[in-house]
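Working notes, structure below.
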Amino acid sequence: MPHVLFNRFSRDDFCCISSALVAAAAPPSNPNPVKCLDKCSSMAELKQLHSQIIRLGLSSDNDVMGRAIKICALSKSGDLDSVLPNNFTFPSLVRACCIDNWVVEGKQIHAHVVKFGFLNDGFSQNNLLYMYVSFGLLEEARRVFDKMPRRDVVSWTTLISGYSQLGLVNDAYDVFRSMPDRNSATWNAMIAAYVQHNRFHEAFALFNEMRTENVELDRYVIASMLSACTKVGALEQGEWIHGYIKKNEIKMDTKLATTIIDMYCKCGCLEKAFEVFNELPSKGISTWNCMIGGFAMHGRGEVAIELFKAMERETAAPDNITFLNVLSACAHSGLVETGRHYFKHMTEVHGLEPRMEHYGCMVDLFGRAGLLEEARKLVEEEMSMEADAGVLGALVGACKIHGNIELGEKFGKRLVELDPDNSGRYVLLANLYATAGKWDDVAKIRRLMNDRGVKKAPGFSVIEMEGMVSEFIAGGRAHPESREIYSKLDEVLERIRSLGYVPDTDGVLQDIDEEEKENPLNHHSEKLAIAFGLLKTKSGQTIRITKNLRVCRDCHQASKLISKAFDREIIVRDRNRFHHFKNGECSCNEF
DNA sequence: TTAGGGTTAG
C-alpha cells in the first residue's frame with residue numbers, strides 16, 4: 001500500500017501492522033527495546049524489538065507504538081509489505097475518514113477497496129456507502145449502492161438515512177417502500193426521517209403501521225417516537241410509550257432516559273420528568289442538562305440552580321450546555337445577580353470560555369431585567385467576538401419590551417441585515433416601531449420584507465387528545481369539526497368579554513403579528529386549539545397546547561381569562577417557554 | 001467490524 005495512506009491513519013495502521021508484527025515476532029534479545037527503537041535500522045530488528053515491547057506490556061502505549069509504526073511507514077528501510085488488508089481493514093479505515101470529513105482520503109481508500117478486490121465484501125461496501133452519505137455526497141453514495149453485487153438491509157437503510165439527511169424525505173420513502181426486507185432499524189430510519197423534518201403525522205402513521213405488522217419496537221424506535229412526542233407536545237402518546245418501555249422491560253440506558261425526561265419536560269409535566277430523573281441510578285451530563293433546562297423553561301429558576309449545585313456535588317462536570325441552561329434559568333426568573341455569578345463561575349471554576357450562546361443568555365438576562373445599558377456594553381465592548389443574530393435578537397427584544405426605540409432601532413437594523421432571510425427579525429423590528437407609534441417605519445419594514453420575498457413562518461397550534469394529534473392554523477377550516485369549533489370559540493369569546501376581555505386590536509400591531517395577517521385576531525390558531533380542547537375534554541381537565549411561534553399578546557390575555565371563566569388550567573408551550581394559565585394568571589409573569 | 005435514538009439561549 002502507498003505510504004500516503006499511512007501518514008494519516010496511524011491508529012488503524014497500528015492495528016494492522018502490530019498484528020502482522022506480532023505474528024512474526026522473534027524471541028527477546030535486547031534489554032531496553034524502547035530506547036533502541038529510534039536507532040532501529042531494519043525491519044528484522046524492528047520485529048525483534050516489537051516482540052519485547054509486547055512482553056513488557058507496552059504494546060498499547062501510543063508513544064512507543066507510534067515510533068514503531070513511524071519506522072515502518074517512513075524510514076528508508078521501512079516496509080509495509082507484510083501487511084495485507086483483509087475484510088476488517090477497510091471498514092475501520094473508512095470510518096476513520098468519516099470522523100473528520102476526510103473526503104480525499106476516503107476516495108483513495110475507495111480506490112483501494114476496488115484494487116484489492118473487496119467489491120463483494122458487504123461490510124466494506126456498506127461502509128463506503130455510509131462514508132459517502134456522511135460526506136453528504138449522495139450521488140457517489142448512490143453509485144456505490146447501484147454497483148453493489150448484493151445489497152442487504154443495512155445498505156438500503158443507509159441509503160434511506162442518506163436521503164433524509166439531505167432533506168429528501170420523499171425519496172427516502174420511495175426507497176423504504178421499494179426495498180425487499182425491512183427490520184426495526186429500517187422502520188426507525190424512516191420514522192426518524194419524518195420526525196427530523198417535522199412531518200409528525202407521517203411518523204405517527206408509520207409507527208402505527210409498524211405495530212400492525214408486529215415489527216419489534218426496540219429502544220431506537222421508541223426513542224424516535226418519544227422525540228416526535230416531544231416536538232409536538234403529545235403527552236398522552238409519550239406516556240403510552242413510557243408505559244410500553246416499563247411493561248416490555250426495554251433496557252433503559254442513559255440516552256433513552258434522557259429522551260423520556262425531555263419528553264415530560266417539553267410536554268409540560270415537570271413533576272413526572274423529575275420523578276424519572278430521580279429514579280435513575282446513573283445520570284449523564286445530558287441528563288442533568290435536560291432536567292436543568294426543563295426547570296428553566298418552566299420559569300423555576302431557583303430549582304434549576306439547586307439542581308446545578310447538586311450536579312457539581314455529584315462530581316458530574318458541567319459543560320457548555322449546562323451553563324447555557326443555568327443562565328437561561330436565571331434569565332427566565334429574573335435572577336440577575338445569580339446569572340452574573342454563574343457567568344464568571346463557568347470560567348473561573350470550570351475553565352469554560354463563554355461562547356456566543358452564553359453571551360446571548362447574558363444579554364437576555366440583562367435585557368429582560370431592564371438593564372439595557374449593561375446589555376449594550378456587553379455586546380459592544382466586552383464580548384470577545386462579533387455578536388451574531390441571536391445575541392442582537394435578544395438585545396432588540398429587550399429594547400422592545402422596555403420601549404428603548406433608539407437603541408432598538410440601531411441594533412434592529414443591523415439584525416435584519418445580518419439575518420435577512422429570517423422573517424422573525426423583520427417582525428421584531430416592526431413591532432418595535434409599532435410600540436412607538438412609528439407607523440411609517442412599520443410600513444417600510446413590511447415593504448422591505450415583501451421586496452426581498454421574505455415570508456412569515458406560518459403559525460400553528462397543536463393539541464393532543466386521546467392519542468390523536470390535531471393541528472390548527474390561524475383561520476383554518478380543515479378540521480372535520482371546524483363548524484363546532486368556531487361556534488364554541490364564539491361562545492368562549494362572549495364569556496370572556498363579560499370578564500372584561502377587549503381584543504388587543506391595537507391597529508397595526510395586529511397586522512404585524514407573527515401569525516398570518518389575513519386572519520382576524522380571534523381566529524388565531526391558539527384560540528381554535530383552546531376551543532377544541534374545551535369542546536372535547538371534561539370539565540376540570542387540563543388543556544395542553546403546543547405552538548411553533550410565540551404566544552401573541554391578545555392570545556395571552558384571552559388565555560388568562562379563559563382559564564378563569566372556565567376554571568381550567570391551560571398549559572401552552574410556545575417557541576421559547578411554557579405558560580401555565582390558571583385562575584386568570586400566567587406563570588410567565590408577563591415576561 | 002456495517003445502518004436507526006438523547007441534552008443546546010432568544
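Within every chain, numbering begins at 1; the chains are lettered A, B, ... in the order of the sequence lines, protein sequences first and strands thereafter.
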- Message: For a quick check of understanding: with a heavy-atom distance under 4.0 Å over all strands, which category does A:Lys266 fall into, base, sugar-phosphate or nothing?
- Response: sugar-phosphate

Q. What does A:Ser286 touch in the nucleic acid at a heavy-atom separation under 4.0 angstrom: a base, only the sugar-phosphate, or nothing?
A. base

Closest of B:dG6, B:dT1, B:dA3 to the A:Pro91 side chain is B:dT1

From the candidates B:dA9, B:dG5, B:dG6, the one with an atom nearest any side-chain atom of A:Asp262 is B:dG6

Among B:dG4, B:dA3, B:dG6, the one nearest any side-chain atom of A:Thr158 is B:dA3

- Base of B:dG6 paired with side chain of A:Thr259 (donor-acceptor, under 3.5 Å): no

When rounded to whole Å, the CG to P distance for the pair A:Leu335 and B:dA9 reads 17 Å

Over 60° means perpendicular and under 30° means parallel, so tell me whether A:His112 and A:Phe116 are parallel, tilted or perpendicular.
parallel

Sorted by chain and number, sequence neighbours left out, side chain to side chain donor-acceptor pair (under 3.5 Å) with A:Glu140 holds for none

**Q.** Parallel, tilted or perpendicular: rings of A:Phe145 and A:Trp156 (30°, 60°)
**A.** perpendicular

Next on the checklist: For A:His345 and A:Tyr342, take the angle between the two ring planes, folded into 0 to 90°, and tell me which bin it lands in: parallel under 30, tilted 30 to 60, perpendicular over 60.
Outcome noted: perpendicular

Looking only at B:dA3, B:dT1, B:dT7, the nucleotide nearest the A:Val153 side chain is B:dA3

**Request:** Please state whether the phosphate of B:dG5, meaning OP1 or OP2, lies under 4.0 angstrom from any side-chain nitrogen or oxygen of A:Gln196.
**Result:** yes

A:Trp156 atom CH2 is separated from B:dG4 atom C1', nearest whole Å, by 17 Å

Those residues at least two apart in sequence (or on a different chain) that pass salt bridge (charged side-chain N to carboxylate O under 4.0 Å, His left out) with A:Glu386 are none

A:Cys290 has its side chain closest, among B:dT7, B:dT2, B:dG4, to B:dT7

Does B:dA3 have OP1 or OP2 sitting under 4.0 Å from an N or O in the side chain of A:Arg95?
yes

Applying side-chain contact (heavy atoms from CB on, under 4.5 Å) to A:Cys555 and not counting sequence neighbours gives A:His524, A:Glu526, A:Lys527, A:Val551, A:Cys552

Please work out if A:Ala185 contacts a base, only the sugar-phosphate, or nothing of the nucleic acid, heavy-atom cut-off 4.0 Å.
base

Which donor-acceptor pairs under 3.5 Å do the side chains of residues 410-417 of chain A make with protein atoms, sequence neighbours left out?
residue	atom	partner	partner atom	Å
A:Lys410	NZ	A:Glu380	OE2	3.1
A:Glu417	OE1	A:Arg452	NH2	3.1
A:Glu417	OE2	A:Arg452	NH2	3.2

Of the candidates B:dA3, B:dG5, B:dG6, the side chain of A:Asp253 sits closest to B:dG5

Atom CD1 of A:Ile191 and atom P of B:dG5 are separated, to the nearest Å, by 12 Å

So is A:Arg95 actually on top of A:Tyr130's ring, under 6.0 Å and inside 45° of the axis? yes

Margin query: Under 4.0 Å, heavy atoms only, any strand: does A:Ser155 hit a base, just the sugar-phosphate, or nothing?
Written below: nothing

Review point. Counting only distance, no hydrogens or angles, is the base of B:dG4 paired donor-acceptor with the side chain of A:Asp218 under 3.5 Å?
Key: yes

Ion pair check, A:Glu139 and A:Arg142, cut-off under 4.0 Å
no

What residues 319-327 of chain A contributes to the DNA chain B interface at heavy-atom separation below 4.0 Å is A:Ile321, A:Leu324, A:Asn325

Worksheet entry | Under-4.0 Å salt bridge between A:Lys309 and A:Glu312 | no

A:Glu216 atom CD is separated from B:dG4 atom C1', nearest whole Å, by 13 Å

* So what does A:Leu226 hit on the nucleic acid, given a heavy-atom distance under 4.0 Å: a base, only sugar-phosphate, or nothing? -> nothing

Per the under-4.0 Å heavy-atom filter, residues of residues 126-137 of chain A near DNA chain B come out as A:Asn126, A:Asn127, A:Tyr130

- prompt: Heavy atoms under 4.0 Å, any strand shown: does A:Gly393 hit a base, just sugar-phosphate, or nothing?
  reply: nothing

Here the distance between atom C1' of B:dT2 and atom CZ of A:Phe145, to the nearest Å, is 14 Å

Considering only heavy side-chain atoms of A:Lys255, the closest of B:dT7, B:dG4, B:dG5 is B:dG5

Taken to the nearest whole Å, OH/A:Tyr264 to C1'/B:dG6 is 16 Å

inquiry  = Counting distance alone, no hydrogens or angles: does the base of B:dA3 have a donor or acceptor under 3.5 Å from a partner atom on the side chain of A:Asn183?
reply    = yes

Quick one: sort the A:Phe578 and A:His298 rings into parallel, tilted or perpendicular, breaks at 30° and 60°. parallel

From CG of A:Leu352 across to P of B:dA9 the rounded distance in Å is 17 Å

Between CE of A:Met362 and P of B:dT8 the distance, given in whole Å, is 20 Å

